[in-house]
Each structure stands twice: as structure tokens, then as C-alpha cells.
Amino acid sequence: MAKQSDYNKDNEKQRNLRPPTVIGQFHTLFFGSVRMFFLGVLGFAVYGNEALHFSCEPDKRDVNLFCYNQFRPITPQVFWALQLVTVLVPGAVFHLYAACKSIDQEDILQKPVYTVSYIISVLLRIILEVVAFWLQSHLFGFQVNPIFTCDAGSLDKKYDLTRCMVPEHFEKTIFLIAMYTFTVITIILCVAEIFEILYKRLGFLNNQ
């Protein structure tokens, strides 16, 4: 009986941590597996050795590093990792609160305060994704050019404008487009999730 009770408690905890909508569960799977796998495996393959192969002046390592820092104020891997962690925060906070208060999926749909709180967490995810999309467009653009013109005059006046070769620019462009696509899909899923939870909430009220 004790084992059965523990098993029931574990099932209840898992149910509390699970999103109350089908779209939300799909979003968790999409977010947790496909997006992280794509960033962790393919992102490292495309961007892992970028700094080593970024070439401006073959015999001047200081110029190469200076121009690379100008070309990449923040590395794409770090930016996208911060994006993933930041977007996870609102949902993680809500589900942690739900687990502590033993709030299950039915409570989220039946009690207005929980429904509103969950919708707010989804809206925050949307806002964070939109901000990340805007930042990514300003930091990396939508296309990686094979040549980067570096202003190295502040490092050494004799260099002035230096042309640098960007390695694997075509692969990086494809990866950029893929990350933009992931962001857009996530936003669409979040909007659809809000409509689904409102639809289920109205269905519950109608049944009442």
C-alpha cells in the first residue's frame, strides 16, 4: 500500500508539472528536445571554431582578435543559450509554484486566479521571444557576409580598415534562419496555447 501511495504521489507531481493544454505539452517537447538539440549539437559544429578560422591579418593575432570582437560583440551560442534559459523562467516559476501548492491541471482551468497566472506566464514567454528576435536581428542580422570590414584604426593606425574573411558564412546564414524560425514557431505556439486555455476555460464555464 505504501508503494502504491508513493506511486500515486509521483503521478500527481508529474501531472502538476505538466502544462494544462495539448499545445503547451507539445511546446515543452519542441522546446526541450528539438530546439536544444539543434543548438547544442549543430550550433557547436557551425560556430565552435569560428574565432580560430576568422582571418584578417595572418601574422597579427592581436588584429584578428580585435576584429573578431568587433564582428561578434557576443557569440551566437551564448546569446541563444541565454535566450533559452530566459524564456524558460516564467513557465518554470509558475510550475514550481503549482508543484508547491499542489495545483493540478483542473485547478488551472477551473480557478480564475490560476488561469490568469498561467496566461501571464505564457505572455511573458511571448514578450521575451519577441525581444530576443529583435536583439538577434540587430546583433547578427539575417545573413552572414563572407567579408567583414573591420575598423582597426584604434588598435593601430597603419591598419585602418581591414578586410576579414568569415568562415562558413553560408552555413551560418542557414543556422541564423533556422533560429529565427524556431523563435517564430515558439511565439505561434504560445499564442495558440493562450487561445486553447481560454477555449477550455469557456467550456468549463458552460458546463457549470
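At a threshold of 4.5 Å between side-chain heavy atoms, the hydrophobic network of Ile, Leu, Val, Met, Phe, Trp and Tyr places Ile120 and Phe195 in two separate groups. Hydrophobic clustering of Ile, Leu, Val, Met, Phe, Trp and Tyr side chains at less than 4.5 Å, counting indirect connections, keeps Ile174 apart from Val184. Clustering ILVMFWY residues whenever any of their side-chain heavy atoms sit less than 4.5 angstrom apart, transitively, puts Phe140 in the very cluster that holds Val131. Linking ILVMFWY side-chain heavy atoms closer than 4.5 Å, directly or via other members, places Ile74 and Leu176 in a single hydrophobic cluster. Ile185 and Leu135 end up in the same hydrophobic cluster when Ile, Leu, Val, Met, Phe, Trp and Tyr side chains are linked at under 4.5 Å.
We find that Arg125 and Glu129 are not joined by a salt bridge, their nearest charged nitrogen and carboxylate oxygen being 4.0 Å or further apart.
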query = For Thr75 and Val78, what are the C-alpha separation, side-chain angles and deciding distance, and is it a side chain to side chain contact (heavy atoms under 4.5 Å, CB included)?
reply = CA-CA 5 Å; Thr75 58; Val78 173; 3.0 Å; yes

inquiry  = Pair Cys150, Cys67 - check disulfide (SG to SG under 2.5 Å), show working.
reply    = CA-CA 6 Å; Cys150 171; Cys67 289; 2.1 Å; yes

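Considering OG of Ser117 and OH of Tyr97, their distance stands at 7.0 Å, rounded to 0.5 Å. Rounding to the nearest 0.5 angstrom, the gap separating the NZ atom in Lys172 from the CG atom in Asn145 is 12.5 Å. Leu84 contributes atom CG, which lies 10.0 Å from atom CZ of Phe79 (distance to the nearest 0.5 angstrom). In this structure, CE in Met179 is found 9.5 Å from OG1 in Thr181, a value given to the nearest 0.5 Å. The CZ atom of Arg163 sits 6.0 Å away from atom OG1 of Thr149, with the distance rounded to the nearest 0.5 Å. With values rounded to the nearest 0.5 angstrom, Leu128 atom CG is found 12.0 Å from Leu82 atom CG.
Under the 4.5 Å side-chain criterion, counting only non-hydrogen atoms from C-beta, Val87 is not in contact with Leu124. Residues Phe54 and Leu65 fail the side-chain proximity criterion, which asks for heavy atoms closer than 4.5 Å. Side-chain contact between Val130 and Trp134 is absent, with no heavy-atom pair separated by less than 4.5 Å. At least one side-chain heavy atom of Val122 sits less than 4.5 Å from a side-chain heavy atom of Cys190. No side-chain heavy atom of Phe142 sits less than 4.5 Å from a side-chain heavy atom of Ile177. Between Glu171 and Tyr47 there is no side-chain heavy-atom pair separated by less than 4.5 Å. No side-chain heavy atom of Val166 sits less than 4.5 Å from a side-chain heavy atom of Ile147. When side chains are defined from C-beta on, Tyr118 counts as touching Ser121, because their heavy atoms get closer than 4.5 Å.
Residues Gln136 and Thr183 have side chains that never bring a donor and an acceptor to within less than 3.5 angstrom of each other. In the model, Thr186 has a side-chain atom that pairs as donor or acceptor with a side-chain atom of Arg35 under 3.5 Å.
Listed for the Asn64 side chain is no donor-acceptor partner under 3.5 Å among the backbone atoms of Ser55.
Under the 6.0 Å cut-off for aromatic ring centres, Trp80 and Phe182 do not qualify, their centroids lying 6.0 Å or more apart.
Residue Ser137 comes nearest to Tyr180 through the heavy atom pair CA-OH, 3.0 Å, listed as atom of the first residue, atom of the second, then distance.
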